[in-house]
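Structure first, commentary second.
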Amino acid sequence: MISEIRLRRARIDLVSPFRTSFGVETSRELLYVEVSGEGTTGWGECVAMSEPMYSSEYVDGCESVLRRFMLPLVNRDTTAQSFARAVSGIRGHYMAKAVLETALLDFQLRRDGVSLGTFLGATQTRVRSGVSVGIQPSIDDLLRVVQGYLDDGYQRIKLKIEPGFDIEPVRAVRTTFGAELLLQVDANSAYQLSDAEHLARLDEFDLLLIEQPLPEEQVASHAQLSKVVRTPICLDESILSADVAREALDIGACSIINIKPGRVGGFLEAKKIHDLCYERGVAVWCGGMLETGIGRAANLALAALPGFTLPGDTSASSRYFRRDVTAPFVLRDGHLDVPTGPGIGIDPDTDYLDSITSRSDKVLVCDE
Ligand code: NPG
């Protein structure tokens, strides 16, 4: 039974600035949900950023909607499943839904002694790791950074692109590291359909995929784009639910999907998207949102499902932080191990987490 829920706010510095087409991140603002009862605590990590630039959600907004509209729906018997039903009438706010649903799920799985991987239907014990490389000041810098990640053992490289930093950096990486390198690009919605001919110039580099070239709302335009560009289109920001995924696939807007539990309202919906794609033979991979070890552990459980046939943005702790809030995830032979303990299978180092915490509020106390 749940006895209390806390919201914790913290901040952690990134090892290096991460630049995308929508901005630069130098540190990560964090919002954790902790669901406790009977000596057990379940954890969720919110994927929202400080500012609404990747999507309309942002971390202060998540905290607000959690407090005002979601936490009042929780009582001592609430489960992840009953919570998902209870919030189905609240429009949007996927990242806020996801963090509380995940903490509830972790709580009940820990209590029942079941790992998140087992609960979701994981079939792999370790997952292939890719890495996402931010936009660099110059092509020389980019080649140096990519070389460093390849030396670490990463199995595929994702380059962030934007208009003015696309064809030449991709050419340089392909030419320098050869045809064997698994390479893909991510535009984070920075282009328009009128850029279709320009994007088709990426076809010569034999990329695994182009991720989210056009704005989130323009799902149908991606179907148009895919008639001009031969490289497979992968959607990220546009895919907010299994229903959107089905429609996007039906109209040919994408042939690959990046699944992020935080973007779709949680692991229950993420599993539905996986199952839909698996049934249709559509490849999926697990994205990342600069999560600390708490969020990363949960993502690894999902990435171990059988449909995750492409390496994800599931990188080692050292790619993000000098010190993670959990025991670090370490790359071994280009893979990360999937945690096997109950729930997300890992606990934060509470002393260290407390040291980067600005505030921890008890937001719900359940009556006996
Ligand atoms: O490895 O966790 C990671 C980051 C992977 O590139 C990555 N994430 O658009 O997918 C994305 C991007 C992102 C990062 C989006 C930060 C929003 C914020």
Side-chain angles (χ1 to χ4, degrees), residues 11-31 45-59 61-62 94-95 98 127-136 142 145-146 149 152 154-162 165 183-191 208-216 234-240 254 256-264 270 284-300 302-303 310-321 324-326 328-329 331 336:
R11 179 185 287 277
I12 189 168
D13 288 333
L14 297 175
V15 285
S16 54
F18 185 60
R19 182 163 161 229
T20 63
S21 61
F22 60 82
V24 185
E25 316 289 329
T26 54
S27 66
R28 186 77 174 88
E29 238 189 297
L30 300 163
L31 164 61
E45 175 176 341
C46 185
V47 301
M49 300 285 138
S50 310
E51 296 172 349
M53 309 308 277
Y54 164 84
S55 81
S56 61
E57 290 186 72
Y58 62 104
V59 66
C62 288
Y94 304 93
M95 296 176 180
V127 302
R128 289 199 289 163
S129 280
V131 63
S132 173
V133 184
I135 293 170
Q136 302 294 319
L142 177 65
V145 172
V146 170
Y149 287 138
D152 291 341
Y154 285 104
Q155 298 208 23
R156 77 86 171 107
I157 297 289
K158 158 167 141 179
L159 302 180
K160 291 288 189 179
I161 58 166
E162 66 182 1
F165 192 86
L183 183 62
Q184 64 193 55
V185 295
D186 183 4
N188 287 113
S189 313
Y191 295 85
L208 287 169
L209 57 92
I210 302 178
E211 185 179 355
Q212 195 71 43
L214 311 179
E216 172 182 326
C234 169
L235 288 178
D236 171 13
E237 286 92 324
S238 293
I239 305 296
L240 299 168
C254 63
I256 297 173
I257 290 178
N258 168 349
I259 304 184
K260 289 176 180 164
R263 193 197 64 229
V264 303
V284 300
W285 55 281
C286 183
M289 295 285 284
L290 308 173
E291 289 93 344
T292 65
I294 299 290
R296 190 156 312 281
N299 284 349
L300 286 169
L302 181 73
L310 293 168
D313 286 342
T314 38
S315 310
S317 297
S318 61
R319 184 253 171 267
Y320 310 97
F321 316 110
D324 206 335
V325 307
T326 59
F329 284 93
L331 209 59
L336 291 185

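From a predicted model like this one, the values you see are computed outputs, not experimental measurements. Numbering of ligands and ligand atoms starts at 1, following listing order.
- Scanning all protein heavy atoms for the shortest distance to atom 2 (O) of ligand 1 gives Leu290 N, 2.8 Å.
- Interface atoms of ligand 1 facing Met289, defined by a heavy-atom separation under 4.0 Å, are 2 (O), 15 (C), 17 (C).
- Residue, atom and distance of the protein heavy atom nearest to atom 14 (C) of ligand 1 are Phe18 CE2, 3.6 Å.
- Only side-chain heavy atoms of Met49 come within less than 4.0 Å of ligand 1; its backbone N, CA, C and O stay farther off.
- Formation of a donor-acceptor pair under 3.5 Å by the Arg28 side chain with backbone atoms of Leu290 is found in this model.
- A salt bridge is absent between Lys260 and Glu291; no separation between the charged side-chain nitrogens and carboxylate oxygens falls under 4.0 Å.
- In Val131, neither the side chain nor the backbone holds a heavy atom less than 4.0 Å from any atom of ligand 1.
- No donor-acceptor distance shorter than 3.5 angstrom exists from the side chain of Thr326 to the backbone of Ile294, with no hydrogens or angles considered.
- With hydrogens left out, the protein atom closest to atom 1 (O) of ligand 1 is Tyr320 OH, 2.6 Å, a heavy atom.
- The closest protein non-hydrogen atom to atom 10 (O) of ligand 1 is Lys260 NZ, 2.8 Å.
- If you check each of Asn299, Leu159, Asp313 against atom 5 (C) of ligand 1, the one with the closest non-hydrogen atom is Asp313.
- Atoms of ligand 1 lying under 4.0 Å from at least one heavy atom of Lys158, given by number and element, are 6 (O), 10 (O).
- Considering backbone and side-chain N/O of Ser132, one or more are found under 3.5 Å from N/O of ligand 1.
- Of the possible donor and acceptor atoms, one in the side chain of Gln212 sits under 3.5 Å from a partner among the backbone N and O of Ser238.
- In this structure, the side chain of Asp236 does not engage the main chain of Asn258 through any donor-acceptor pair within 3.5 Å.
- Residue Asp236 has at least one heavy-atom neighbour below 4.0 Å for each of these atoms of ligand 1: 9 (O), 10 (O).
- For Phe22, no nitrogen or oxygen atom sits less than 3.5 Å from a nitrogen or oxygen atom of ligand 1, counting backbone and side chain alike.
- When only interatomic distances are considered, the shortest N/O to N/O separation between Ser315 and ligand 1 does not fall below 3.5 Å.
- Of the charged side-chain nitrogens involved, none lies within less than 4.0 Å of a carboxylate oxygen, so that Arg296 and Asp313 do not count as a salt-bridged pair.
- The main-chain N or O of Gly130 is found under 3.5 Å from a side-chain atom of Ser315 such that the two form a donor-acceptor pair.
- Here the straight-line distance linking atom CG of Leu310 with atom SG of Cys286 works out to 12.0 Å at 0.5 Å rounding.
- When non-hydrogen atoms are compared, ligand 1 lies under 4.0 Å from neither the backbone nor the side chain of Thr314.
- Taking atom 8 (N) of ligand 1 as the reference point, the nearest protein heavy-atom neighbour is Gly288 O, 3.0 Å.
- Residue Asp186 touches ligand 1 through its side chain alone, judged by heavy-atom distances below 4.0 Å.
- If you look at Lys160 next to ligand 1, the close heavy atoms, those under 4.0 Å, all belong to the side chain.
- Scanning all protein heavy atoms for the shortest distance to atom 15 (C) of ligand 1 gives Tyr54 CD1, 3.4 Å.
- In this structure, Tyr58 places its OH atom where only 12 or fewer heavy-atom neighbours from other residues, nucleotides or ligands lie under 6.0 Å away.
- Looking at Glu25 against ligand 1, nothing comes within 4.0 Å, counting heavy atoms.
- Close N/O approach between Asn188 and ligand 1 is found [any backbone or side-chain N/O within under 3.5 Å].
- Remark: side-chain polar atoms of Glu57 are paired, donor with acceptor, to backbone N or O of Tyr94 under 3.5 angstrom.
- Asp324 places no side-chain N or O within 3.5 Å of a backbone atom of Ser317 that could act as its donor or acceptor partner.
- Between the side chain of Gln184 and the main chain of Leu208, no donor-acceptor pair closer than 3.5 Å is present.
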